[in-house]
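In listed order, ligands and their atoms are each counted from 1. Position 1 is the first residue of the sequence, and the numbers go up from there.
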Amino acid sequence: SGSNGIQSRVCGADRISYSNSVDDGVFLINGSVVEIDSLCKALRFHIANGCIPAEDYLVSLCQSGSSLGNSHHKPARKLLQKEFKEEVAKEQKAKDPSNALSSKHIGIIATGIVAMCCGVLCPCIYKRRKATSHTVLSKDQVSTESVNSFDAPPSVHDKVPASPLRVPPSPSRFSPSPKLSRLGSVHLSPSQVARATRNFSQSLKVGEGGFGTVYKAHLDDGQIVAIKRAKKEHFENLRTEFSSEVDLLAKIDHRNLVKLLGYVDKGHERLIITEFVPNGTLREHLDGQRGKILDFNQRLEIAIDIAHALTYLHLYSEKQIIHRDVKSSNILLTESMRAKVADFGFARLGPVDSDQTHISTKVKGTVGYLDPDDVYSFGILLLEILTGRRPVELKRPAPERVTLRWVNLLFSSNESSFLETL
Ligand SMILES: Nc1ncnc2c1ncn2[C@@H]1O[C@H](COP(=O)(O)OP(=O)(O)OP(=O)(O)O)[C@@H](O)[C@H]1O
């Protein structure tokens, strides 16, 4: 427990903090405010692995179904987050009295440490990131102003246990992405966009979705990026979705999420510039359209990457973000087969950092995956990864058309050899 009223438990990668001196019922995991349900989930996990005793004070909150956990109490949350950051800063200072490294260096080193030893969730302490103007995001500004998702105190990382499920990673797969680390914000005029995409040449088109067409673009400085161009015929209707996608992506910096680099909102163009993820979609790999079929370890790693991305969006980003369109064609793969979740066009923000109490539960997304909370969609995605099949395959015999039903059928008829029959 801290001297400033924060009580903390450190278990593996999670640092669970609360303060009843500030305001009863404000809980944080790794510096992000969470609802009591999320707190209880984390506690259950850590009771099961023996890190937190079943008689702990926090556990009793969950058991009594206490109504504490009013994480909408803004001042208390802000104060607690501030105290948490101060405590983290003190710990960092204590660990490194020479304090010779800049916060940026510490971030890079922490990223390296986490990348090497972390098979579980990354602690996240986020500070609000500001776009420099309405048209461009500044990555440099973000890196100096904010403590990013990997900038956790050494004391937390030291205790990160190896996940028993995680396949031992090769160092290259966890090293920071050299291409991306070189990328700053991308400022483009419409004419530069036209040059980079050779006037939206068909030969540079990499795909098309409901939102628009995606092009591979070569910038003057040699960077390769993806440019998503909103369809003109849906222009007015897409305006809200376009800005929602940009606003959401702009807040996100995680290796398993496609990084927004900039956008253009001028004249008759709405363009989003993101990192280019070169190895196609998970769906293409499952369909065998990308050469070698995925082996089991690769599938497992991809599933874990997606879980990390969703956990980050749900629990650790500054505002809770529900993706709402989790599906295999929205998972992009890197050359080293790491997964990155793309397409936040349907995302919505939760109420965590606002006074807003109403969350729209309107379901959006893609048939076969529909779910307001991503969890069901993630389950369906796991079945896809395991079976290679799409959620709905109408050309199959009737009992096999809905993959979930087919798997349930197989599972209930032969639990022991279920996996072999897939
Ligand atoms: N950042 C990127 N890097 C490389 N390829 C990309 C990138 N983003 C999208 N693509 C490619 O473009 C295709 C279309 O992407 P987009 O996100 O527009 O649509 P979608 O997700 O397939 O469909 P929908 O918009 O209906 O959900 C993807 O399937 C993928 O092949």
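- Between L286 and R299, the closest side-chain pair of non-hydrogen atoms falls below 4.5 Å.
- The contact set between ligand 1 and F276, taken as ligand atoms under 4.0 Å from a residue heavy atom, comprises 3 (N), 4 (C).
- Remark: ligand 1 atoms within the under-4.0 Å shell around heavy atoms of V206 are 5 (N), 31 (O).
- The side chain to side chain contact (heavy atoms under 4.5 Å, CB included) with S328 is formed by just one residue from the set R283, H285, R390; it is R283.
- Atoms of ligand 1 lying under 4.0 Å from at least one heavy atom of E208, given by number and element, are 13 (C), 14 (C).
- Neither the backbone nor the side chain of T213 comes within 4.0 Å of ligand 1, counting heavy atoms alone.
- Salt-bridge annotation for D343 and K228: present, with a side-chain N of the basic residue lying under 4.0 Å from a carboxylate O of the acidic one.
- Here's the thing with V214: none of its N/O atoms is less than 3.5 angstrom from an N/O atom of ligand 1.
- If you look at K327 next to ligand 1, the close heavy atoms, those under 4.0 Å, all belong to the side chain.
- Residue R401 qualifies as enclosed at atom CZ: its count of foreign heavy atoms under 6.0 Å is above 12.
- H254 and Y312 have tilted rings, their planes meeting at an angle from 30° to 60° on a 0 to 90° scale.
- At a 3.5 angstrom cut-off on N or O pairs, D343 counts as close to ligand 1.
- V214 places none of its side-chain heavy atoms less than 4.5 Å from the side chain of I227.
- Under a 3.5 Å cut-off, the side chain of D374 and the backbone N or O of I322 do not form any donor-acceptor pair.
- With ligand atoms numbered from 1 in the order given, ligand 1 contributes 1 (N), 2 (C), 3 (N) to contacts under 4.0 Å with heavy atoms of A226.
- A donor-acceptor pair is defined here as one N or O able to donate and one able to accept, closer than 3.5 Å; such a pair exists between the side chain of N279 and the backbone of T334.
- At a 3.5 angstrom cut-off on N or O pairs, T281 does not count as close to ligand 1.
- The side chain of K228, and not its backbone, has at least one atom closer than 4.0 Å to an atom of ligand 1 (non-hydrogen atoms only; side chain from C-beta on).
- For ligand 1, the atoms lying closer than 4.0 Å to a non-hydrogen atom of T274 are 1 (N).
- A donor-acceptor pair under 3.5 Å is absent between the side-chain atoms of D305 and the main chain of R338, judged by distance alone.
- Not a single heavy atom of K340 lies less than 4.0 angstrom from ligand 1.
- Remark: ligand 1 atoms within the under-4.0 Å shell around heavy atoms of D325 are 27 (O).
- Proximity to G207 (heavy-atom distance under 4.0 Å) selects the following atoms of ligand 1: 12 (O), 13 (C), 14 (C).
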Step-by-step salt bridge (charged side-chain N to carboxylate O under 4.0 Å, His left out) determination, E400 to R405: CA-CA 7 Å; E400 297 187 24; R405 282 196 207 137; over 6 Å; no

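- The closest approach between a heavy atom of R283 and any atom of ligand 1 is not below 4.0 Å.
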